[in-house]
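Naming: A, B, ... by sequence-line order, numbering from 1 per chain. Below, all heavy atoms of this structure are taken into account, side chains as well, without hydrogens, waters or symmetry copies.
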Number of protein chains: 2
Amino acid sequence: MRPSAKKIASVLRQKGHKLTAQRRAVINVVVNSGEHLAPAALYERVRRAHPAIGLVTVYRTLEMLHELGLICRVHRGEKHGYTLAPSGHHHHLVCTECGIVADFTDCDLEVLQQRLSQQTGFKIEGHLLQFLGYCRDCQGGT
Amino acid sequence: MRPSAKKIASVLRQKGHKLTAQRRAVINVVVNSGEHLAPAALYERVRRAHPAIGLVTVYRTLEMLHELGLICRVHRGEKHGYTLAPSGHHHHLVCTECGIVADFTDCDLEVLQQRLSQQTGFKIEGHLLQFLGYCRDCQGGT
DNA sequence: CTAACTGCAAATAATTTGCAGCCGT
DNA sequence: ACGGCTGCAAATTATTTGCAGTTAG
């Protein structure tokens with residue numbers, strides 16, 4: 001399950017972070033968007049609810065949420081952004097057109113990883129897997 | 001197979017690009033390194049053979065080689081760099097410590113891709129897969 | 001010869017940091 | 001009250017672009 005704004009807020013408190021109006025605003029935007037938003041885009045949306053917020057605060061809030069494992073980064077072409085983190089191991093399917101994100105958890109890379117590890121002698125720590133494409137709504141026009 | 005410097009040079013000619021001393025120097029460094037090098041690191045090495053080269057030229061040469069499909073980008077943590085592109089579909093196993101890269105071609109993601117496509121309605125165009133870990137030589141120390 | 005190429009310096013773009021004042025707990 | 005948080009402006013870092021001189025083909 002993807003966490004709710006309340007859930008996120010409570011984690012912040014538990015970890016000793018203050019729950020300010022700015023942070024609430026950022027959290028709300030992230031939660032109410034299925035898209036993966038770049039800091040700048042997120043900033044624009046947050047300003048609607050909280051016009052005085054600074055871009056710097058958005059950056060700092062995102063970094064904090066990321067460190068707490070509440071949100072994660074996704075790649076979209078050369079750009080990148082943040083989206084809510086469902087609990088546990090997972091990956092993303094990102095629409096390069098609108099940025100919407102779908103999660104999936106079954107990546108079945110264990111076997112491949114095992115073999116690669118043996119063949120190369122690498123001690124594999126993790127993997128980066130993401131699909132790119134066009135979501136249902138973006139398949140028509142350009 | 002990974003392309004040789006000669007192979008790359010001949011492709012440049014075929015495509016109507018000029019083969020300058022600077023380009024040769026960049027190509028040689030990329031070819032003689034199994035690592036994935038960031039533009040700045042590559043620049044340092046290229047200077048040994050060609051001290052007067054500008055960083056800008058390195059960027060432009062890398063971009064050109066990338067467009068021709070002769071080299072490809074890899075991700076290493078938050079950073080990124082370039083490495084030789086073996087022909088055909090492939091992926092990388094990157095050592096986060098020293099940056100050395102191993103290639104592999106069999107990713108078996110077709111089945112997963114098919115299912116995701118059906119489940120989400122996405123028209124999947126491609127995927128991003130890369131393993132991160134420590135190579136044989138970097139597993140000991142930090 | 002001539003268009004492509006090069007290097008410099010300046011321009012962008014994205015993100016980080018120093019700092020003084022503000023505010024959640 | 002106090003330490004964390006905020007916003008501004010300046011600093012960084014990575015990459016791109018304008019331009020005049022250079023050079024491969």
Side-chain angles (χ1 to χ4, degrees), chain A residues 5-6 8-29 36-47 49-68 70-71 73-82 99, chain B residues 5-6 8-29 36-68 70-82 99:
Chain A
K6 287 193 175 181
I8 291 177
S10 77
V11 172
L12 283 210
R13 290 215 167 183
Q14 280 174 31
K15 299 286 179 176
H17 294 288
K18 290 183 178 173
L19 198 47
T20 62
Q22 290 91 328
R23 288 183 176 173
R24 283 177 189 282
V26 171
I27 292 170
N28 281 330
V29 171
H36 101 266
L37 298 172
L42 230 148
Y43 173 56
E44 284 308 317
R45 297 203 185 189
V46 174
R47 292 180 92 174
H50 198 110
I53 198 172
L55 175 57
V56 190
T57 300
V58 173
Y59 270 103
R60 287 192 278 227
T61 302
L62 290 174
E63 189 193 334
M64 185 189 62
L65 293 175
H66 185 230
E67 279 181 2
L68 294 176
L70 296 165
I71 59 176
R73 298 182 90 135
V74 291
H75 304 261
R76 179 175 164 194
E78 293 302 284
K79 303 171 190 172
H80 67 275
Y82 295 90
Chain B
K6 287 193 176 180
I8 291 177
S10 79
V11 173
L12 284 210
R13 291 215 166 181
Q14 280 175 30
K15 298 288 177 175
H17 295 286
K18 290 183 180 174
L19 197 47
T20 62
Q22 290 92 326
R23 289 184 176 173
R24 281 177 191 282
V26 171
I27 292 170
N28 280 332
V29 171
H36 99 267
L37 299 173
L42 231 148
Y43 173 55
E44 285 308 317
R45 298 203 185 189
V46 173
R47 292 180 91 174
R48 295 178 197 160
H50 198 110
I53 198 173
L55 176 56
V56 192
T57 300
V58 173
Y59 271 101
R60 286 191 278 227
T61 302
L62 290 174
E63 188 191 334
M64 184 189 64
L65 293 174
H66 186 228
E67 279 180 1
L68 294 177
L70 295 166
I71 59 176
C72 48
R73 296 182 91 135
V74 292
H75 304 260
R76 178 174 164 193
E78 293 302 284
K79 304 170 190 173
H80 67 275
Y82 294 90

Euclidean distance, A/Leu55 CG relative to A/Arg60 CZ, rounded to 0.5 Å:
10.0 Å
Starting at CG of B/Leu12 and ending at C1' of C/dC5, how long is that distance when rounded to a whole Å?
13 Å
For B/Val26 and B/Ile53, run side-chain contact (heavy atoms from CB on, under 4.5 Å): C-alpha distance rounded to whole Å, both residues' side-chain angles, the deciding distance at 0.1 Å, then the answer.
CA-CA 10 Å; B/Val26 171; B/Ile53 198 173; 4.0 Å; yes
State whether B/Arg13 places a side-chain N or O below 4.0 Å from either non-bridging phosphate oxygen (OP1 or OP2) of D/dG25.
yes
Figure out the CZ/P separation between A/Arg60 and C/dG18, and round it to whole Å.
11 Å
Donor-acceptor pair, side chain of A/Arg23 and main chain of A/Lys18, under 3.5 angstrom:
yes
Output for pair (A/Ile8 CD1, A/Arg13 CZ), nearest 0.5 Å, gives 14.5 Å
Given the rule in the side-chain contact (heavy atoms from CB on, under 4.5 Å) test, do B/His66 and B/Tyr82 qualify, once you have shown the distances and angles that lead to the verdict?
CA-CA 8 Å; B/His66 186 228; B/Tyr82 294 90; 4.3 Å; yes
Can you name the atoms? Protein N/O to nucleotides 14-16 of chain D N/O, anything below 3.5 Å, with the distance.
from: D/dT15; atom 1: OP1; to: B/His80; atom 2: NE2; distance (Å): 2.7
from: D/dT15; atom 1: OP2; to: B/Tyr59; atom 2: OH; distance (Å): 2.5
from: D/dT15; atom 1: O5'; to: B/Tyr59; atom 2: OH; distance (Å): 3.4

In this structure, CG of A/Leu65 is separated from CD1 of A/Ile71 (nearest 0.5 Å) by 4.5 Å
For atom CE of A/Met64 and atom C1' of C/dG24, their distance in whole Å:
14 Å
Please give me every residue in residues 14-22 of chain B whose heavy atoms get under 4.0 Å of an atom in DNA chain D, ordered by residue number.
B/Lys18, B/Leu19
Drop me the distance from B/Lys6's NZ to B/Ile27's CD1, to the nearest 0.5 angstrom.
13.5 Å
Sugar-phosphate, base or nothing in reach of B/Ala38, heavy atoms under 4.0 Å:
nothing
Decide yes or no on side-chain contact (heavy atoms from CB on, under 4.5 Å) for B/Leu19 and B/Arg24, but give the supporting numbers first.
CA-CA 7 Å; B/Leu19 197 47; B/Arg24 281 177 191 282; 3.6 Å; yes
So does B/Arg23 get a side-chain nitrogen or oxygen closer than 4.0 Å to the phosphate oxygens (OP1/OP2) of C/dT6?
yes
